[in-house]
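Comments concern the structure below.
As the structure is a computational prediction, the values presented were derived from the model and not from experiment.
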There are 2 protein chains.
Amino acid sequence: MVAQRGRRNGAKRTRSEAAPDADNAPTAEMPAVTENGTDPEIRARSIPEAAVARLAVYLRVLSAMADQGATTVSSEELSTAAGVNSAKLRKDLSYLGSYGTRGVGYDVAVLVGHIERTLGLTRQHRVAVVGIGNLGHALANYGGFPGRGFPVEALFDIDPDLIGVPVGGLPVSHIDDIPVVCAERGISIGVIATPPPAAQSVCDRLVAGGVQCILNFAPVVLQVPEHVEVRKVDLAVELQILSFHVARRADGEANGRVIDEGSVAGNGVVVP
Amino acid sequence: MVAQRGRRNGAKRTRSEAAPDADNAPTAEMPAVTENGTDPEIRARSIPEAAVARLAVYLRVLSAMADQGATTVSSEELSTAAGVNSAKLRKDLSYLGSYGTRGVGYDVAVLVGHIERTLGLTRQHRVAVVGIGNLGHALANYGGFPGRGFPVEALFDIDPDLIGVPVGGLPVSHIDDIPVVCAERGISIGVIATPPPAAQSVCDRLVAGGVQCILNFAPVVLQVPEHVEVRKVDLAVELQILSFHVARRADGEANGRVIDEGSVAGNGVVVP
DNA sequence: CTATGTGAAAAGCTTCACAGCT
DNA sequence: AGCTGTGAAGCTTTTCACATAG
């Protein structure tokens, strides 16, 4: 039985855990009381997961703006460029602390710095890619992954013909060596791009190698020990979600239903 | 303030996920109001987006079970296989209607049918892939995409050397022809796998070609007219979210804070 | 007068727990 | 007995709207 603790009141301190879009780690746990509300390092724990995903987007937009010479932005400008509304943007940024100037806006460089620090981008996160097929190739050739900060330091496959062959400048190792190689090279993020049947066993080896986070492209629900963070990217799911929207729309039209956006009051419920 | 409830059941360990879009249609808000209740066609409109994503996962798990000869499943079995808890699973399935049998469980085949219908998988959704680089190649070679139902019917790139070259059995067309070709072939889903700078213009052409949904792999916030559904897959964002969790964890340790867990399993890969 | 930062209200999701079929 | 289906409770996230700082 776990004595769940929870809540406090009035204050902004709450913790959360959730995922942005689709789905997330099957593991997981709960709260873990957090007191205090001043230390910026601690603050990070309470940022809603959904906000974290957006911070990454803001960061990219801000970087682009900085490259174009912008030195300040208003919440309005930034939110538009990031595709969200300004209230949400301000709320998100407020999780970092108060780094804007009322009546003026935010200093681009300062904001970039704070977001990077919050997202842990001041550290390097070495990446390993497992499964050097079409997708794995693409990922390996990403050459240093998004921006910098995520250097690909190991590649693995099971195909004997690939072992030792350099892809994107890095030789491919055998998946049996995952635990050893990952531990040696201090890999912290493992990317799984294998066929579905291999995914779980590869995942287990990555975990054995000390990998803390996994980005899973295989359409499989991975089983991981708690404290290993998993994010999945599932093409089939994405397409099916789109399919759902097409169908929904089509049905609506077929039924001659008009989505009137005025204020719909109490839609009469039709008989059960 | 009322006291908090006491719980009683032992717990379920699963964390959740959830979360609506991390980004998405920048346009207006959701209509919603729909009073469902009876018509299954109408019901679809009211299914939470988060549930839709999970339905796709259930579908995959169910298909696998069916292949292994299973004819019925309980919410417990299915939920475990899908990595969610049973209450959530039952709630999700209830959006489809009542297709289980109390005291028994769900008929696999029946459930597969209902989910497919709900997700609009009884229709075909023709797909176009734009940007035949590493990733585009991988996608094009997926050969008919996830399962069936999403045939790739057009490929586009801007590189003259690629035009006309068959990739995965389909010749590449020039991006200038996107509107015409998409309209001709009845493409409903466009996949953007181009470099960031090209994404928006490609998107505009897809929309001009009548494409209703876009799956965007380019790290760019797309601007689309309302009623065009966009989903994005952003590698950089995914990695940065993982980075955030690593950082959060590290900070916690650095501060001597112990995230006391109720039940901790074995594999404590402690990373110094 | 302008644009941030934020309680507070609203909306959305998930979990609980149990009535109701089989 | 067993398991689904679901109102209601509990949380989280989003949106409002306004006091406040510059």
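Rounded to a whole Å, the CG atom of B:Leu89 is 14 Å from the P atom of D:dT6. As a whole-Å value, the separation of B:Ile47 CD1 from C:dC13 C1' is 14 Å. Atom P of nucleotide C:dA3 and atom CG of A:Asp107 are separated by 16 Å, given to the nearest angstrom. As a whole-Å value, the separation of A:Tyr99 OH from C:dT6 P is 11 Å. To the nearest angstrom, C1' of D:dT14 lies 16 Å from CD of A:Glu49. Put simply, CG on B:Leu96 is 11 Å from P on D:dT6, counting in whole angstrom units. Spacing between atom CG of A:Leu93 and atom P of C:dT6 amounts to 11 Å, rounded to whole angstrom units.
A donor-acceptor pair shorter than 3.5 Å cannot be found between the side chains of B:Gln212 and B:His125.
A residue-by-residue look at A:Gly105 and A:Lys91 shows that A:Gly105 has its nearest nucleotide of DNA chain C further toward the 5' end. A residue-by-residue look at B:Thr101 and A:Ala51 shows that B:Thr101 has its nearest nucleotide of DNA chain D further toward the 5' end.
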Full working for side-chain hydrogen bond (donor to acceptor under 3.5 Å, both in side chains) between A:Arg117 and A:Thr122: CA-CA 6 Å; A:Arg117 180 146 53 264; A:Thr122 49; over 6 Å; no
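Taking CD1 of B:Ile47 as the reference point, atom CG of B:Asp92 lies at 9.0 Å (rounded to 0.5 Å).
Between the side chain of A:Ser86 and the backbone N or O of A:Ser79 there is no donor-acceptor pair closer than 3.5 Å. In this structure a side-chain-to-backbone donor-acceptor pair under 3.5 Å is missing from A:Arg231 to B:Ile241.
Of all nucleotides listed (D:dT4, C:dT15, C:dG5), C:dT15 comes nearest to the side chain of B:Lys88. For B:Tyr106, counting side-chain heavy atoms from C-beta on, the closest listed nucleotide (D:dT4, C:dT22, D:dT6) is D:dT4. Closest contact between the side chain of B:Arg54 and the listed nucleotides C:dC13, C:dT14, D:dG22 involves C:dT14. If you check C:dT22, D:dA19, D:dT15 against the side chain of A:Arg102, the one that comes closest is D:dA19. Nearest to the side chain of B:Ser94, among D:dT13, D:dG5, C:dT6, sits D:dG5. With C:dT6, C:dT14, D:dG5 as the candidates, the nucleotide lying closest to the side chain of B:Arg90 is D:dG5.
Dashed line: the shortest gap from a side-chain N or O of B:Ser75 to OP1 or OP2 of D:dC3 is not under 4.0 Å. Contact annotation: B:Asn85 side-chain N/O to C:dT14 OP1/OP2 distance is not under 4.0 Å.
Remark: B:Ser74 in residues 61-74 of chain B come within less than 4.0 Å of DNA chain D through at least one heavy atom.
Two residues are said to be in side-chain contact when any heavy atoms from C-beta on lie closer than 4.5 Å; B:Glu76 and B:Arg90 fail this criterion.
Identified under the side chain to side chain donor-acceptor pair (under 3.5 Å) test for residues 65-74 of chain B, with sequence neighbours left out: B:Ser74-B:Glu77.
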